[in-house]
Trainee: 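Below is one structure. I have some questions about it.
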Amino acid sequence: MKQIFLTTLLLLGFLFIAKAQGPQPDPFKPEKGMVLLNDYVDKTIELTVGQKAYFQVVQTKEELDATGAVLYADDPAIISMLHDKAHWQIQGKGDKEKHTKTTVFEAVGKGTTKIMYEGEDIKSGQDIVKTITVVVK
């Protein structure tokens, strides 16, 4: 129950910050040394304390409207979301509209944890689960 509450709070915080910032005109530009976490779905990645990484979700307007999802770190004492670095970009118009949401994480303590992307395709009811195991040294 506590984890559901914390997850909901994190999601609402991310959504608030992304909405407050609004869509950005330029694509996200990772800082030097940042790792794209999407390459490690269902795998393990090693980071060092202080290292940053990012996860991107790219959806069409239709997919965005038909998907409910949450992204979180199991243990924010090991890897933490940097809400002030969230980035949201919309490209195209109409049927070709594409939303790219970028979430930045920072390794803040040694240990092992998971970054989870959990969602549901609202139309089909199909669960969407992506797990990244993170080891911080």
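All residue numbers in this chain count up from 1 along the given sequence.
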Trainee: Heavy atoms only: give me the nearest Ala73-Ile79 pair and the separation to one decimal.
Mentor: CB-O, 3.4 Å
Trainee: Report yes if some heavy atom in the side chain of Thr103 is under 4.5 Å from a heavy atom in the side chain of Met81; otherwise report no.
Mentor: yes
Trainee: Among residues at least two apart in sequence or on other chains, which ones pass side chain to side chain contact (heavy atoms under 4.5 Å, CB included) with Ser124?
Mentor: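 With neighbours one apart ignored, the set is Asp121, Gln126.
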Trainee: Report yes if some heavy atom in the side chain of Glu118 is under 4.5 Å from a heavy atom in the side chain of Ile128; otherwise report no.
Mentor: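 Not in contact.
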Trainee: Of all residues at least two apart in sequence or in a different chain, which pass the salt bridge (Lys or Arg N to Asp or Glu O under 4.0 Å) check with Lys123?
Mentor: Glu62
Trainee: Looking at Ala107 and Leu47, what are the two nearest heavy atoms and their distance?
Mentor: CB-CB, 4.2 Å
Trainee: Tell me the closest heavy-atom pair linking Ile90 and Pro23, and the distance in Å.
Mentor: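 The pair with the smallest heavy-atom distance is CD1-CG, 3.8 Å.
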Trainee: Pairs under 3.5 angstrom only: tabulate donor-acceptor contacts from the side chains of residues 129-137 to other protein residues two or more places apart or in another chain.
Mentor:
residue : atom : partner : partner atom : Å
Thr133  : OG1  : Lys114  : NZ           : 3.1

Trainee: Report the C-alpha distance between Phe55 and Asn38 in whole Å, list the side-chain angles of each, state the deciding distance to 0.1 Å, and finish with yes or no for side-chain contact (heavy atoms from CB on, under 4.5 Å).
Mentor: CA-CA 6 Å; Phe55 186 85; Asn38 298 60; 3.6 Å; yes
Trainee: Determine, using the 4.5 Å side-chain heavy-atom cutoff (strictly less than), whether Val41 and Val35 are members of one ILVMFWY cluster.
Mentor: yes
Trainee: Ignoring hydrogens and geometry beyond distance, is a side-chain donor-acceptor pair present between Thr100 and Gln89 at under 3.5 Å?
Mentor: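 Distance-only check fails for Thr100 and Gln89.
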Trainee: Between Thr113 and Asp75 (side chain of the first, backbone of the second, donor and acceptor by atom type, cut-off under 3.5 Å), is there such a pair?
Mentor: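 Judged by distance alone, yes, a pair lies under 3.5 Å.
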Trainee: With the side chain counted from C-beta on, respond yes when Gln59 and Val57 share a heavy-atom pair under 4.5 Å apart, and no when they do not.
Mentor: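 Yes, at least one pair of side-chain atoms sits under 4.5 Å.
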Trainee: Strictly by ring pair (Phe, Tyr, Trp, His ring centres under 6.0 Å), give each pair with a member in residues 25-51 just once, sequence neighbours left out.
Mentor: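 Found Phe28-Tyr54, Phe28-His87.
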Trainee: What are the two closest heavy atoms between Met116 and Asp74, and how far apart are they?
Mentor: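 Answer, listing the atom of Met116 first, then Asp74: CG-OD1, 4.1 Å.
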Trainee: With sequence neighbours left out, write down each residue that passes side chain to side chain donor-acceptor pair (under 3.5 Å) with Glu97, or none if nothing qualifies.
Mentor: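 By the side chain to side chain donor-acceptor pair (under 3.5 Å) rule, Glu97 matches His99.
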Trainee: Partners of Leu82 by side chain to side chain contact (heavy atoms under 4.5 Å, CB included), sequence neighbours excluded?
Mentor: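 So Leu82 forms a side chain to side chain contact (heavy atoms under 4.5 Å, CB included) with Lys52, Asp84, Lys85, Val104, Glu106.
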Trainee: Using side-chain heavy atoms (C-beta onward) and a distance below 4.5 Å, is Thr112 in contact with Ile78?
Mentor: no
Trainee: According to a hydrophobic-cluster definition based on side-chain heavy atoms being under 4.5 Å apart (Ile, Leu, Val, Met, Phe, Trp, Tyr only), do Ile45 and Leu71 belong together?
Mentor: yes
